[in-house]
A.B. asks: 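Provided herewith is a single structure, encoded as structure tokens, for subsequent inquiry.
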Amino acid sequence: ITHTMQMVAAAKIRHSTERVEAATPYGEAVKEMLANIARMGGTTAPLATAHDEVKKTLIVVIASDRGLAGGFNSSVLRRAEQIMKERKAEIAVAACGKKAIGYFKYRGIDTVLAFRDLSADPRVEEADALADYAMEHYLSGEIDEVVVLYNHAKNAGEQVLIQQPLLPVNPKAFLPKGEVFVKGGGITEPTPDNPDLPGAIDYEPSEEDVLDHFLPEYIAGHFYYMLIDSAAAEQAARRNAMKNATDNANDMIETLNRV
């Protein structure tokens, strides 16, 4: 049984990975545009402006619907609980996946949004619902920051827990490594790691107007990217867990035969 589950997960990895690869160029183009705006001195767009005080935090926890995937779910859920204990702000939780929903329900924590039966095959509608809720409540002042927890599929054998601050959007975070932002000047300095800098870009009618239209699309698109990235990591984790279970069973059979 475990060997069959290993083979099924291995077959699903390819489809999941292809979706992530197809979404990557858009994500990279988005980061480049936000980096260009950061080079020009940043922006005052509402979604990119931090609130004066963080009173309420929305944590979006992306887990799976099914288990038998090693520590895939436990690492995300433990980190979510740790954040809830550390933060002095009020916490709201959005749960993606039955494992996350059951975890918070058992502990008496109400979720503002809950999605089930979509972890292996996320949909754009799920990402849009998360983005709409986050942006609406951030702009109204009911939420002061949004943090997403999920597993990134680094490769077929390794998954990395990611804690992604999503709102407010910080364009400076998208500057390439080695590029230094100069306060007040709205420019960046070349460094040995990054000797060549692109020229300035003019936005019409203004950076704020462009971002007012663009940031909602970026947030919804990034939510979708994180969901499909987590789906790829889930299949890889399940394949690894089932391979280990199969190997352990084979070792046990060999030992019993020898006895």
Side-chain angles (χ1 to χ4, degrees), residues 1-27 59-83 93-107 109 111 113-127 130 148-164 222-259:
I1 291 172
T2 56
H3 180 67
T4 302
M5 293 183 69
Q6 175 190 340
M7 300 303 291
V8 170
K12 290 182 177 180
I13 287 175
R14 181 178 177 184
H15 172 64
S16 301
T17 304
E18 285 175 351
R19 280 195 304 181
V20 174
E21 290 175 351
T24 298
Y26 175 77
I59 301 177
V60 181
V61 181
I62 303 177
S64 69
D65 291 314
R66 296 188 297 126
L68 299 176
F72 178 82
N73 292 308
S74 60
S75 61
V76 173
L77 297 173
R78 276 200 305 267
R79 180 58 186 151
E81 191 165 1
Q82 184 181 354
I83 292 175
V93 177
C96 302
K98 290 180 182 177
K99 293 297 179 181
I101 295 171
Y103 181 88
F104 292 114
K105 184 177 181 181
Y106 178 76
R107 283 158 178 77
I109 300 171
T111 54
L113 289 174
F115 300 91
R116 60 181 72 237
D117 302 321
L118 294 171
S119 73
D121 191 19
R123 298 177 184 173
V124 174
E125 291 79 8
E126 181 183 0
L130 287 166
V148 185
L149 296 174
Y150 72 103
N151 280 299
H152 163 59
K154 185 175 181 180
N155 52 52
E158 185 179 358
Q159 298 79 48
V160 181
L161 176 62
I162 300 292
Q163 181 176 326
Q164 174 74 56
H222 198 54
F223 263 124
Y224 181 65
Y225 181 85
M226 290 186 286
L227 289 168
I228 60 177
D229 194 7
S230 176
E234 177 189 345
Q235 300 303 335
R238 182 166 291 112
R239 185 189 68 173
N240 294 339
M242 292 301 97
K243 182 181 184 303
N244 292 336
T246 303
D247 291 344
N248 291 338
N250 287 333
D251 291 343
M252 189 180 296
I253 289 170
E254 185 178 343
T255 301
L256 292 173
N257 282 334
R258 186 179 299 119
V259 171

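Position 1 is the first residue of the sequence; numbering continues from there.
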A.B. asks: Output all residues satisfying side chain to side chain contact (heavy atoms under 4.5 Å, CB included) with Ala80, sequence neighbours left out; order by chain, then residue number.
C.D. replies: Val61, Phe104, Leu149

A.B. asks: Measuring from Lys12:NZ to Glu234:CD, what's the distance to the nearest 0.5 Å?
C.D. replies: 8.5 Å

A.B. asks: Using side chain to side chain contact (heavy atoms under 4.5 Å, CB included) as the criterion, list what pairs up with Glu21, not counting sequence neighbours.
C.D. replies: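 Glu21 satisfies side chain to side chain contact (heavy atoms under 4.5 Å, CB included) with Thr17 once adjacent residues are dropped.
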
A.B. asks: Which heavy atom of Tyr224 sits nearest to which heavy atom of Ala127, and what is that distance?
C.D. replies: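 Shortest heavy-atom contact: N-CB, 3.5 Å.
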
A.B. asks: Please name all residues satisfying side-chain hydrogen bond (donor to acceptor under 3.5 Å, both in side chains) with Asp229, sequence neighbours left out, ordered by chain then number.
C.D. replies: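 Applying side-chain hydrogen bond (donor to acceptor under 3.5 Å, both in side chains) to Asp229 gives His152.
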
A.B. asks: Going from NZ on Lys243 to CG on Asn248, what distance comes out if it is rounded to the nearest 0.5 angstrom?
C.D. replies: 10.0 Å

A.B. asks: Which residues pass the side-chain hydrogen bond (donor to acceptor under 3.5 Å, both in side chains) test with Lys99, sequence neighbours left out?
C.D. replies: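 side-chain hydrogen bond (donor to acceptor under 3.5 Å, both in side chains) list for Lys99, sorted by chain: empty.
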
A.B. asks: Report, as yes or no, whether the 6.0 Å neighbourhood of atom CG on Leu256 holds more than 12 heavy atoms from other residues, nucleotides or ligands.
C.D. replies: yes

A.B. asks: Residues in side chain to side chain contact (heavy atoms under 4.5 Å, CB included) with Thr24, at least two apart?
C.D. replies: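 Applying side chain to side chain contact (heavy atoms under 4.5 Å, CB included) to Thr24 gives Val20, Glu28, Tyr225.
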
A.B. asks: Going by side-chain hydrogen bond (donor to acceptor under 3.5 Å, both in side chains), name the residues that satisfy it together with Glu125, two or more places apart in sequence or in a different chain.
C.D. replies: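 Testing Glu125 for side-chain hydrogen bond (donor to acceptor under 3.5 Å, both in side chains), a comparison that skips the adjacent residues, returns none.
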
A.B. asks: Would a distance-only check, ignoring hydrogens and angles, find a side-chain to backbone donor-acceptor pair under 3.5 Å from Ser230 to Leu227?
C.D. replies: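 No, the answer is negative, given that no donor and acceptor are paired below the 3.5 Å cut-off.
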
A.B. asks: Any chance you could measure Gln163, atom CD, to Gln82, atom CD, to the nearest 0.5 Å?
C.D. replies: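 So the gap between those two atoms works out to 8.5 Å.
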
A.B. asks: Does the side chain of Met242 reach to within under 4.5 Å of the side chain of Thr4, using non-hydrogen atoms?
C.D. replies: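 With C-beta onward as the side chain, the pair stays apart.
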
A.B. asks: Among Asn151, Ile162, Leu130, Ile62, find the one that has a side-chain contact (heavy atoms from CB on, under 4.5 Å) with Met226.
C.D. replies: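 Among the candidates, only Ile62 passes.
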
A.B. asks: For Glu18, give me all partners under salt bridge (Lys or Arg N to Asp or Glu O under 4.0 Å), at least two apart in sequence or on another chain.
C.D. replies: Arg14

A.B. asks: Check Val76, Leu77, Asn73 against Tyr103 for a side-chain contact (heavy atoms from CB on, under 4.5 Å) and give me the one that passes.
C.D. replies: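 The single option meeting the side-chain contact (heavy atoms from CB on, under 4.5 Å) with Tyr103 is Leu77.
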
A.B. asks: Can you sort out the partners of Glu254 under salt bridge (Lys or Arg N to Asp or Glu O under 4.0 Å), two or more places apart, ordered by chain and number?
C.D. replies: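 Applying salt bridge (Lys or Arg N to Asp or Glu O under 4.0 Å) to Glu254 gives Arg258.
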
A.B. asks: Measuring from Phe72:CZ to Leu161:CG, what's the distance to the nearest 0.5 Å?
C.D. replies: 10.0 Å

A.B. asks: Looking at residues at least two apart in the chain, or sitting in another chain, which of them share a side chain to side chain contact (heavy atoms under 4.5 Å, CB included) with Ala249?
C.D. replies: none

A.B. asks: CZ of Arg79 to OG of Ser74: how many Å apart, nearest 0.5 Å?
C.D. replies: 14.5 Å

A.B. asks: Closest heavy-atom contact between Arg19 and Pro122?
C.D. replies: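 Closest approach of Arg19 to Pro122, heavy atoms only: NH2-CD, 3.3 Å.
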
A.B. asks: Run the salt bridge (Lys or Arg N to Asp or Glu O under 4.0 Å) test against Asp117 and tell me which residues pass, sequence neighbours left out.
C.D. replies: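 If we apply the salt bridge (Lys or Arg N to Asp or Glu O under 4.0 Å) test to Asp117, skipping adjacent residues, the hits are Lys98.
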
A.B. asks: Is there a side-chain contact between Arg238 and Gln6, using heavy atoms and a 4.5 Å cut-off?
C.D. replies: no

A.B. asks: Using the side-chain contact (heavy atoms from CB on, under 4.5 Å) definition, which of the options Ile101, Val60, Thr111 pairs with Val93?
C.D. replies: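 Among Ile101, Val60, Thr111, the one that satisfies the side-chain contact (heavy atoms from CB on, under 4.5 Å) with Val93 is Thr111.
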
A.B. asks: Taking only residues two or more places apart in sequence, or in another chain, which ones meet Thr246 in a side-chain hydrogen bond (donor to acceptor under 3.5 Å, both in side chains)?
C.D. replies: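 Only Thr2 meet the side-chain hydrogen bond (donor to acceptor under 3.5 Å, both in side chains) criterion with Thr246.
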
A.B. asks: Find the distance between CG (Asn250) and NE2 (His3) and round it off to the nearest 0.5 Å.
C.D. replies: 9.0 Å

